[in-house]
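Computation of the quantities below employed the complete heavy-atom set of this structure, encompassing side-chain atoms and omitting hydrogens, waters and symmetry-equivalent molecules. So that the names make sense, note that chain A is the first sequence line, chain B the second, and so on, each numbered from 1.
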Amino acid sequence: MLDIRWIRQDAEAVNAGLKRRSLHLSVDAIVALDNQRLALLQEEETLRSQRNALSKEVGQRKSKGENADELMAQTKAIAERIKILEADKDALEVQQNALLLDIPNIPSMQSPVGADENANVEVRRWGDELKNRAPKDALAHWDLGPAMGMLDFERGVKVAQSRFTLQRGWGAKLSRALINFMLDTHEGLGYEELRPPYLVNADAMKGTGQLPKFEADMFRCQDDALYLIPTAEVPVTNLYANEVLLESQLPFCFSAYTPCFRREAGSAGRDTRGFIRQHQFDKVELVKLTTAEQAEAEHLKLVADAERILQLLELPYRAMELCTGDMGFSAQRCFDLEVWLPGQQAYREISSCSHFGDFQARRAGLKYRSEATNKLEWCHTINGSGLAIGRTVVAILENYQLPPDAQGRYRVAVPTVLQPYLKTEILEATEAVHPFGVVESDSSLTLLQGAEKGRVNV
RNA sequence: GGAGAGGUGGCUGAGUGGCUGAAAGCGGCUUCCUGCUAAGAAGUUAUGGGGUGUUAAGCCCCAUCGGGGGUUCGAAUCCCCCCCUCUCCGCCA
C-alpha cells in the first residue's frame, strides 16, 4: 500500500510512477476522496472536542449537586451530529481504501522501463557450456517423466482436476531430495528454516498483496475464512505483522518449504503440457525483513543465494531484471532466474526475487524501532524462490537425461550435490511397484489389494 | 464441540461509569552524583491521525485498554456478537 500522505502531497509523482508500469491508473480519485474525508474528519474532531468538554462539565456539576439537564441535552445533540458525520466519513474511507489497496507499488528507478517481458534485461548468464549436455534428441519432461515412471499426469487429474500431477517413485524422491538440499544449502547461507501454516486468513493475504485484487487466483475454504497459500511468502512475511522489531535484530532471513496452491485464473491454455504450471506445486521460499538501508544489498544477496542453488545443481540459467511493466503488483524491483530446458530449447522461469520496499510492510504493519531516531520505521520486505521444486525437477529431467541403455530404457544422471540425498548416481526407468502405465480396468482390483496390503494404522 | 477463567502501555500488573491515556513495578532514555566491572538521585518514556510550525522542535486537538456494535451527557469499566489464550471434559493423528 502506498503512503496516503505521499499521494496527497505529490500525486503527480505517484501518477508518473504508475505510468512507468504502463498502467492507465491515476490516484486523482483517491486524492479527491481524501480531501472530502479530511474536511469531515476535522469537523468531526471539533465536535468531539466540544462533546468531551461539555460532558466533563456535566460530571462536575452533578458532583456538586447542580442541575445539568441543559448541558446534557446539548451534548446529546452534538453526539447525534457526530454520528452522522462519522457515517459519511466511514463511507468515504471504505471507498478510498478500496481504491488504495488496488494501486500497485511504484517501480524502482533502477528497473528498466518497458511494457512487457520483451523489455526485460538479461543481467547474467551462467553455464552456457552445459547447455548441450543433454542428447540432441532430448525428450521434453512431459514425455520423459511418464516414460520413467516418475510423473503420472492422468492419475493426478483423476483424483483432483487438470493441472494436478502425481509424482511417484524417483519422481517423488527427487522432489524430496531437492527440498532437503535447498533447505540445507540455505541454512548454510544464514537462513532460519520455517514450517509455516499452509492455510492463512484474509489479513495475511492482504498483507502481502494477494487480496483484495487477486482473490480469483486463490483457493479458498468454503466453511472457514481461510485460503490455501499461493506461496510461503504469505505466511512468512506476515509472521511479525503488527509487531515492532528492533533495528539491531534485522535483517531477518527465513527459508521455508511449502506446497503452493494457485488457481491460475486467466492462464487457460498456457503451459497446459507437463509440469510447468500446476495448481499445486512445491517451493522453497526465501524471505527477508530488513531496514530500508539494508534492503538493496539484501535483495541482491538473496538473488545470489537462489542462483547458488542452480550453480550447485549445475543447471544453466540466466538472470533477468524485470522491466516496470512485467513486475508483480507489490514489487518495486525484481529479478527472475530462468533455467535452460533443452527439451524445449528455451529458458523458463524458476525463481522470482522481489524487493517490495515498504509496500507490504504498510499493509501488514511491519515496523522496527530505529536506533538513530528511536522512532518507528516501516520494514522493507524481500523474497524469492530458492527454488521452485517442480520446475527444478523438470530442469533436471531435461538437462541430465542420458542416452537410453541397451534395453532402450531411459536414464537420468543425478547432479553431484543430490547424490547423497538420493543415494544413487543414476535414476533409471522403473517398473512401478504398482502398475504405472495402462492398466486394464479389471486389474483395478489388484491395485486395491496392493493398497490394502500396504495399509498401516498410524 | 461443551463448561469455566481470562485478553490493559516494551514487559509484569492495578483499575466495575466522570478526577484514568491509564496506579505501581521492571525495562529504556536523559541529566546529576559517586573513582570503578556496580550502586544511588531527579526527570523522562505508548501508537496512529489531524491542525499549526521550514514535510525541525514545540504546542493544540481526536482516536485507541483483543476486534466490531450498543446503552449513556460521559465507557478500559455496563450489554450483545466475534476472535484469541488458559484449564477441565469430549473428539482426534
Side-chain angles (χ1 to χ4, degrees), chain A residues 1-14 30-31 33-97 100 195 197-207 211 221 223-227 235 238-250 292 358 361-379 455-458:
Chain A
M1 179 153 52
L2 299 180
D3 181 3
I4 182 62
R5 273 182 296 189
W6 180 40
I7 294 177
R8 191 187 299 154
Q9 283 160 12
D10 201 353
E12 269 186 45
V14 178
I30 293 176
V31 174
L33 283 173
D34 197 51
N35 288 333
Q36 293 179 49
R37 199 193 111 244
L38 284 183
L40 288 183
L41 178 70
Q42 282 164 29
E43 197 179 342
E44 186 194 325
E45 287 192 348
T46 307
L47 288 175
R48 278 185 193 276
S49 178
Q50 287 172 15
R51 185 197 64 183
N52 290 348
L54 285 174
S55 67
K56 198 169 212 172
E57 202 178 330
V58 170
Q60 283 164 359
R61 285 203 193 177
K62 283 200 163 183
S63 67
K64 287 188 228 154
E66 297 173 10
N67 183 295
D69 289 353
E70 196 182 320
L71 279 181
M72 281 163 65
Q74 268 184 50
T75 315
K76 187 165 189 146
I78 291 174
E80 276 158 16
R81 282 172 61 200
I82 289 174
K83 219 165 202 173
I84 295 166
L85 279 174
E86 199 177 18
D88 292 349
K89 192 198 69 186
D90 287 350
L92 284 175
E93 254 167 24
V94 167
Q95 268 187 65
Q96 187 187 28
N97 229 335
L100 204 51
R195 251 174 192 274
Y198 301 161
L199 273 69
V200 296
N201 57 36
D203 282 342
M205 283 293 202
K206 205 170 98 183
L211 289 183
C221 299
D223 293 329
D224 302 279
L226 294 170
Y227 297 80
N238 282 287
L239 245 30
Y240 291 88
N242 301 313
E243 295 188 39
V244 175
L245 308 173
L246 298 179
E247 183 172 0
S248 57
Q249 302 171 324
L250 298 174
D358 60 14
R362 284 177 189 281
R363 289 177 163 239
L366 287 166
K367 295 178 177 179
Y368 67 94
R369 194 170 290 284
S370 157
E371 278 172 356
T373 65
N374 208 34
K375 293 206 167 148
L376 298 186
E377 307 282 349
W378 296 111
C379 292
R455 187 168 166 184
V456 191
N457 288 321
V458 282

Minimum heavy-atom separation for A:Asp88 to A:Leu40, with atom names?
CB-CD1, 3.7 Å
Between atom CG in A:Asn242 and atom C1' in B:rG10, what is the gap in whole Å?
16 Å
Roughly how many Å apart are B:rG40 and B:rC33, using the C1' atom of each and rounding to a whole number?
8 Å
Minimum heavy-atom distance A:Asn238-A:Gly207, with the two atoms named
OD1-CA, 3.7 Å
How far, in whole Å, is B:rG69 from B:rU85 if one measures between their C1' atoms?
23 Å
According to the Watson-Crick and G-U wobble definitions, with both distances under 3.5 Å, which nucleotide is paired to B:rG17?
none
P spacing across the pair B:rG43 / B:rC26, given as an integer number of angstrom
14 Å
G-U wobble or Watson-Crick pairing nucleotide for B:rU87 (cut-off 3.5 Å, both distances)
B:rA3
Mate of B:rU71 across any strand shown (Watson-Crick or G-U wobble, both atom pairs under 3.5 Å) is none
Does B:rU71 have OP1 or OP2 sitting under 4.0 Å from an N or O in the side chain of A:Lys83?
yes
P gap between B:rU77 and B:rG9, integer Å
15 Å
Do the side chain of A:Thr46 and the main chain of A:Gln42 share a donor and acceptor less than 3.5 angstrom apart?
yes
Identified pairing partner of B:rU34, criterion: Watson-Crick or G-U wobble below 3.5 Å:
none
chi for B:rG53 classified (syn = within 90 degrees of 0, anti otherwise) as syn
Between A:Ala79 and A:Asp90, who's closer to the 5' end of RNA chain B by nearest nucleotide?
A:Asp90
Integer angstrom distance from the P of B:rC19 to that of B:rG58
27 Å
Quick one: is A:Lys76 getting a side-chain N or O under 4.0 Å of the B:rC73 phosphate, OP1 or OP2?
yes
A:Lys62 NZ to B:rU72 P, straight-line distance once rounded to whole Å
13 Å
Please state the C1' separation for the pair B:rG10 and B:rA75 - nearest whole angstrom.
26 Å
Starting at CD1 of A:Ile78 and ending at P of B:rU72, how long is that distance when rounded to a whole Å?
17 Å
Base-pairing mate for B:rU55 - Watson-Crick or G-U, with both contacts under 3.5 Å
none
Minimum heavy-atom separation for A:Gln96 and A:Asp34, please, with both atom names.
NE2-OD1, 3.0 Å
If we take the C1' atom in both B:rC84 and B:rC61, what is their distance in whole Å?
34 Å
Scan A:Ser55 against the nucleic acid and name what it touches under 4.0 Å (heavy atoms): base, sugar-phosphate only, or nothing.
base
Mate of B:rC29 where both pairing distances stay under 3.5 Å, Watson-Crick or G-U:
B:rG43
For A:Glu243, does the CD atom sit with more than 12 other heavy atoms under 6.0 Å from it, leaving out its own atoms?
yes
P-based separation of B:rU16 from B:rG66 [nearest Å]
15 Å
Starting at the 5' end of nucleotides 44-67 of chain B, put B wherever the base has a protein heavy atom under 4.0 Å, S where only the sugar-phosphate does, and a dash everywhere else.
---SSBSS---B-S---BBS----
When both distances are under 3.5 Å in a Watson-Crick or G-U wobble arrangement, the nucleotide paired with B:rG48 is B:rC62
A:Arg61 bridged to A:Glu57 by N-O distance under 4.0 Å:
yes
Could you check whether A:Asp203 pairs with A:Lys206 (Lys NZ or Arg NE/NH1/NH2 to Asp/Glu carboxylate O, under 4.0 Å)?
no
Between A:Glu57 and A:Thr75, just flag the one whose closest nucleotide in RNA chain B comes earlier from the 5' side.
A:Glu57
Result for salt bridge (Lys or Arg N to Asp or Glu O under 4.0 Å) between A:Lys89 and one of A:Glu43, A:Glu45, A:Glu44 points to A:Glu44
Are there more than 12 heavy atoms of other residues, nucleotides or ligands under 6.0 Å from atom CD of A:Glu70?
no
Interatomic distance, A:Ile82 CD1 vs B:rC73 P [rounded to whole Å]
13 Å
